[in-house]
Amino acid sequence: TFIDEYPDQLLWFDWGADDYAGTTFYNAPDGRCQFIAWMNNWAYAELIPTSVWRGATTIPRELRLVNTEAGVRLAQFPVDALNQLRTPLGKWEHFTLGETLSLDEQVRDLEVEFELRDAQVFGVELFATKVGGVQLTYDVNAQQLVLHRPSGDIRNFNPAVSAPLVAVDGRIRLRILVDRSSIEVFAHDGLLTMTSQVFPEVDAAHVRLFALDGTVHVLSLCAYQIQRIWNA
């Protein structure tokens, strides 16, 4: 029997623009609930600048229920098996970010924990170029996580998606998975997710951390490459 204890409260499964038609798998090992979705949106699915296919699938995720101060919540996070494909590129701890920190390697998996200081906006720029890239920002006053993605000429392609995110003990913890045309964000151990397609400039790969009008403290920053699983 399923009893809805929050009949007047609507909770979003994913705050991004491109998490659709998710599928879970029955009888997974250890009773785990695993999930894969189509990473696309029917508002522009036939207009995106790709071939031979349209869209992609999300990283396989594990779903779990978590007790929080607000009640039971659904969390999702990349399956542990993904860690077997990761190659460390670097790890940095306890430094203050006042302007910009650049990572020139091709980062595909980024884990970062910020501690609030006086900067009102801070975040990560992905696919960075001289004219800008895709930005994931946190607005301290609004308590909003915002993904800014260039829309180009794609009709109905929302250039920004946002989600409410409250700092925990003055900290914001993110894991960001990046592929050639996608970003999957997991905040606070998967209690908030944001899945979106992006179409950056060809070969744009740099990653930058930044803070605006002040500083933010970075407790930890871990960057990884992810090995290919295709022969082609």
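For this chain, numbers begin at 1 and follow the sequence in order. Both backbone and side-chain heavy atoms feed into the values below; hydrogens, waters and symmetry mates do not.
- Linking ILVMFWY residues whenever their side-chain heavy atoms come closer than 4.5 Å, directly or via other members, leaves V134 and M39 in distinct clusters.
- Note that CD of E113 and NE2 of H217 are 10.0 Å apart. Values are rounded to the nearest 0.5 Å.
- In plain terms, the two heavy atoms of V198 and S182 that are nearest each other are CG2-N, 3.7 Å.
- Residue pairs satisfying the side-chain hydrogen bond (donor to acceptor under 3.5 Å, both in side chains) criterion with at least one member in residues 22-43, sequence neighbours excluded, are listed as follows: N40-Q197.
- Rounding to the nearest 0.5 angstrom, the gap separating the CG atom in D8 from the CG atom in L10 is 11.0 Å.
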Tell me which donor-acceptor pairs under 3.5 Å the side chains of residues 157-170 have, and how far apart each pair is, sequence neighbours excluded?
from, atom 1, to, atom 2, distance (Å)
N158, OD1, A160, N, 3.0
N158, ND2, A160, O, 3.3
S162, OG, Q144, OE1, 3.4

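- With sequence neighbours left out, W53 forms a side chain to side chain contact (heavy atoms under 4.5 Å, CB included) with no residue at all.
- The side-chain heavy atoms of H94 and L219, taken from C-beta on, include a pair separated by under 4.5 Å.
- Side-chain atoms of V140 and V121, non-hydrogen and from C-beta on, never get closer than 4.5 Å to each other.
- Expressed to the nearest 0.5 Å, how far CG of L110 lies from OH of Y224 amounts to 9.5 Å.
- For the pair E184 (side chain) and I176 (backbone), a donor-acceptor distance under 3.5 Å is absent.
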Should N141 and Q143 be marked as a side chain to side chain contact (heavy atoms under 4.5 Å, CB included) after you check the CA-CA gap, both sets of side-chain angles, and the distance that decides it? CA-CA 6 Å; N141 289 330; Q143 296 184 317; over 6 Å; no
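- A continuous path of Ile, Leu, Val, Met, Phe, Trp and Tyr side chains, each step under 4.5 Å between heavy atoms, connects M194 with V107, placing both in one hydrophobic cluster.
- Within a 6.0 Å radius of CD in E46, other residues, nucleotides and ligands contribute 12 heavy atoms or fewer.
- Listed by chain and number, the residues in a salt bridge (charged side-chain N to carboxylate O under 4.0 Å, His left out) with D189 are R173 (sequence neighbours excluded).
- Taking I3 as the reference, T1 meet the side chain to side chain contact (heavy atoms under 4.5 Å, CB included) condition, with sequence neighbours excluded.
- Separating the OG1 atom in T137 from the CG atom in L212 is a distance of 8.5 Å, to the nearest 0.5 Å.
- Residues G16 and S196 come closest through the heavy atom pair CA-OG, 3.8 Å.
- Following chains of ILVMFWY side-chain contacts shorter than 4.5 Å, one cannot reach V207 starting from F199, and the two form parts of different hydrophobic clusters.
- For the side chain to side chain contact (heavy atoms under 4.5 Å, CB included) test, residues two or more places apart in sequence or in another chain that qualify with T100 are S102, R208, F210.
- Tracing side-chain contacts under 4.5 Å through hydrophobic residues (I, L, V, M, F, W, Y), one reaches L174 starting from F127; they form part of the same cluster.
- For V216 against A119, the heavy-atom pair with the smallest separation is N-CB, 4.3 Å.
- Note that CG of L74 and CG of L191 are 9.0 Å apart. Values are rounded to the nearest 0.5 Å.
- Residues meeting the salt bridge (charged side-chain N to carboxylate O under 4.0 Å, His left out) test with E115, sequence neighbours left out: R117, R171.
- Side-chain contact, T195 with D14: a donor N or O sits under 3.5 Å from an acceptor N or O.
- Panel note: side chain N67, backbone V72; no donor-acceptor pair is recorded below 3.5 Å.
- Separating the CD atom in Q120 from the CG atom in D139 is a distance of 7.5 Å, to the nearest 0.5 Å.
- In this structure H148 satisfies the ring pair (Phe, Tyr, Trp, His ring centres under 6.0 Å) test with no other residue, sequence neighbours excluded.
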Pair up each side-chain donor or acceptor in residues 76-92 with any protein partner under 3.5 Å, not counting sequence neighbours, and list the distances.
from, atom 1, to, atom 2, distance (Å)
Q76, OE1, R61, NH1, 2.8
Q76, NE2, F13, O, 2.9
Q76, NE2, T193, OG1, 3.2
N83, OD1, R86, NE, 3.4
R86, NH1, D109, OD2, 3.1
R86, NH1, E111, OE2, 3.1

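- Counted within 6.0 Å of CG on D213, heavy atoms from surrounding residues, nucleotides or ligands total 12 or fewer; the atom is thus considered open.
- Scanning for side chain to side chain contact (heavy atoms under 4.5 Å, CB included) contacts around D118 gives T215, with sequence neighbours left out.
- The shortest non-hydrogen separation linking A223 to L103 is CB-CD1, 4.3 Å.
- The hydrophobic cluster containing F186 does not contain V146, counting ILVMFWY residues as joined when their side-chain heavy atoms lie under 4.5 angstrom apart, directly or transitively.
- For F122, the ring pair (Phe, Tyr, Trp, His ring centres under 6.0 Å) partners are F114, Y138, not counting sequence neighbours.
- Under the ring pair (Phe, Tyr, Trp, His ring centres under 6.0 Å) criterion, W15 pairs with W12, sequence neighbours left out.
- Using a 4.5 Å heavy-atom threshold, the side chains of I226 and D179 count as separate.
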